Amino acid sequence: MKFAVKAWSNGGARAGILHLGTSTIDTPSLLLSTRKGLPHFISPDLLSCLPSPESRLLHVSPLHFLEGLSMKTISKIGGLHQLLGLHDHCFVAVPRDSIQCLPEANSTNKIGASFETPCGRLLIKPVEYMEMISSTRPELWATLADEVPAWVSDKRNKTSVDRTIKWLDECISLSPASGAVFGAIVGGSSLEERRRCAQEVATRNVSGYWVGGLGLGESMDERPALLNAVIDLLGEFLFYGSIAAIEWQFHVPFVILSSNSVSNTQEALPEEKPRLICGLGLP
């Protein structure tokens, strides 16, 4: 995966080019939500009619495949591209899909993250999640995170950050040779915990950042401050570490980062690491 900035706007937003395998995609880019790798709103035979390469990025939740074919079978077939016949598309894997697979904080524990899914409530351990990633073979994937709603206690929120960082290290140690790793950043509605999580993730060997834990009860007025806390801190690390970021749309509808958030750190951001932000389009 390679990324290059093409232009800056007066407001601080950036346009760039993302190279994923043989695909070249202009950013910011649309990331289509899918069910088992296929978009909800269009049949597979009409997928090629959508504008290309604008429609080549597909979000997939590996949890969708827990009902049906086994991960071993998907791996033998050759991953999602071979299974679905979508060789010209790129898959972005994140456990939460904000529609059918939702984090369940009350059932999550130190062993793994819990999700409400179409096949019931499931506890996913890091080693099990990495087996899904290795079998499905997406181009980009986010590490496992303990996402909590805005109303949890400070102690529970701190625990979610500790677990997310721990699982990040486990996912990296088990990561397959292919696929770019996006480190998960959580922290609920706490600016301090989001900064702490971002600081820890920024020191790991990841290709980008997945800013999660949003759309889970925080108000619209709180979100700019929560994003700024992460972006400003990553800006410092990006400056000293000579790594970079770009804002991506993740779900539709989606609110991209404000120009103020970007312009505050524009000069500190070189050109290599992207960010995925999940949940801003939720009510």
Side-chain angles (χ1 to χ4, degrees), residues 1-3 17-102 115-120 122 124 127-144 171 174-182 184 207-208 210 212 248-252 254 274 276 278 281:
M1 182 196 77
K2 295 182 179 180
F3 172 75
I17 299 178
L18 183 70
H19 300 277
L20 286 174
T22 58
S23 298
T24 300
I25 301 169
D26 290 331
T27 62
S29 179
L30 174 68
L31 182 56
L32 295 176
S33 181
T34 72
R35 168 68 173 161
K36 293 187 176 180
L38 297 174
H40 299 274
F41 62 90
I42 190 170
S43 59
D45 60 314
L46 296 177
L47 190 56
S48 60
C49 298
L50 295 178
S52 180
E54 291 82 0
S55 62
R56 287 187 181 179
L57 283 177
L58 303 177
H59 163 247
V60 60
S61 170
L63 306 186
H64 291 168
F65 297 93
L66 292 178
E67 51 177 356
L69 294 176
S70 68
M71 287 297 155
K72 185 176 181 180
T73 300
I74 295 175
S75 180
K76 287 183 177 180
I77 291 173
L80 293 181
H81 294 86
Q82 292 293 119
L83 176 66
L84 302 173
L86 300 178
H87 304 288
D88 295 329
H89 289 72
C90 300
F91 290 99
V92 179
V94 178
R96 165 188 174 186
D97 68 1
S98 299
I99 300 173
Q100 294 177 310
C101 296
L102 303 173
F115 295 88
E116 292 285 0
T117 75
C119 50
L122 300 174
I124 306 299
V127 63
E128 295 171 337
Y129 177 63
M130 290 314 303
E131 180 185 354
M132 300 176 195
I133 296 299
S134 298
S135 299
T136 54
R137 304 178 192 178
E139 278 78 8
L140 305 174
W141 57 274
T143 57
L144 192 64
C171 288
L174 297 170
S175 63
S178 61
V181 185
F182 278 53
S207 300
W210 179 76
W248 268 19
Q249 291 174 309
F250 187 64
H251 284 295
V252 180
F254 190 85
L276 280 168
C278 179

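It should be emphasised that the depicted structure is a prediction, and the values quoted were computed from it without experimental measurement.
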Would you say [X]'s side chain and [Y]'s backbone share a donor-acceptor pair under 3.5 angstrom?
X      : Y      : result
Ser135 : Met71  : yes
Ser55  : Pro51  : yes
Ser61  : Pro95  : yes
Glu139 : Phe91  : yes
Thr143 : Ala184 : yes

Reported [atom1]-to-[atom2] distance for the pair [X] and [Y], which is rounded to 0.5 angstrom:
X      : Y      : atom1 : atom2 : answer
Leu86  : His81  : CG    : NE2   : 7.5 Å
His59  : Cys90  : NE2   : SG    : 14.5 Å
Met130 : Ser175 : CE    : OG    : 5.5 Å
Thr73  : Phe65  : OG1   : CZ    : 12.5 Å
Gln82  : His87  : CD    : NE2   : 4.5 Å
Ile77  : Leu83  : CD1   : CG    : 5.0 Å

Would a 4.5 Å heavy-atom cut-off, applied to side chains only, mark [X] and [Y] as touching?
X      : Y      : answer
Ile124 : Met132 : yes
Lys36  : Leu84  : no
Val60  : Thr136 : no
Trp141 : Pro62  : no
Thr117 : Glu67  : no
Pro138 : Ile133 : yes
Ser70  : Ser75  : no
Leu32  : His89  : no

Closest approach of [X] and [Y], non-hydrogen atoms and distance?
X      : Y      : answer
Cys171 : Tyr129 : SG-CD2, 4.2 Å
Leu174 : Val127 : CD1-CA, 3.9 Å
Leu102 : Ile99  : CD2-N, 3.8 Å
His64  : Cys101 : CD2-SG, 3.5 Å

- Quick one: salt bridge (charged side-chain N to carboxylate O under 4.0 Å, His left out) pairs with a partner in residues 17-32, sequence neighbours left out?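 Passing the test, one end in residues 17-32: Lys6-Asp26.
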
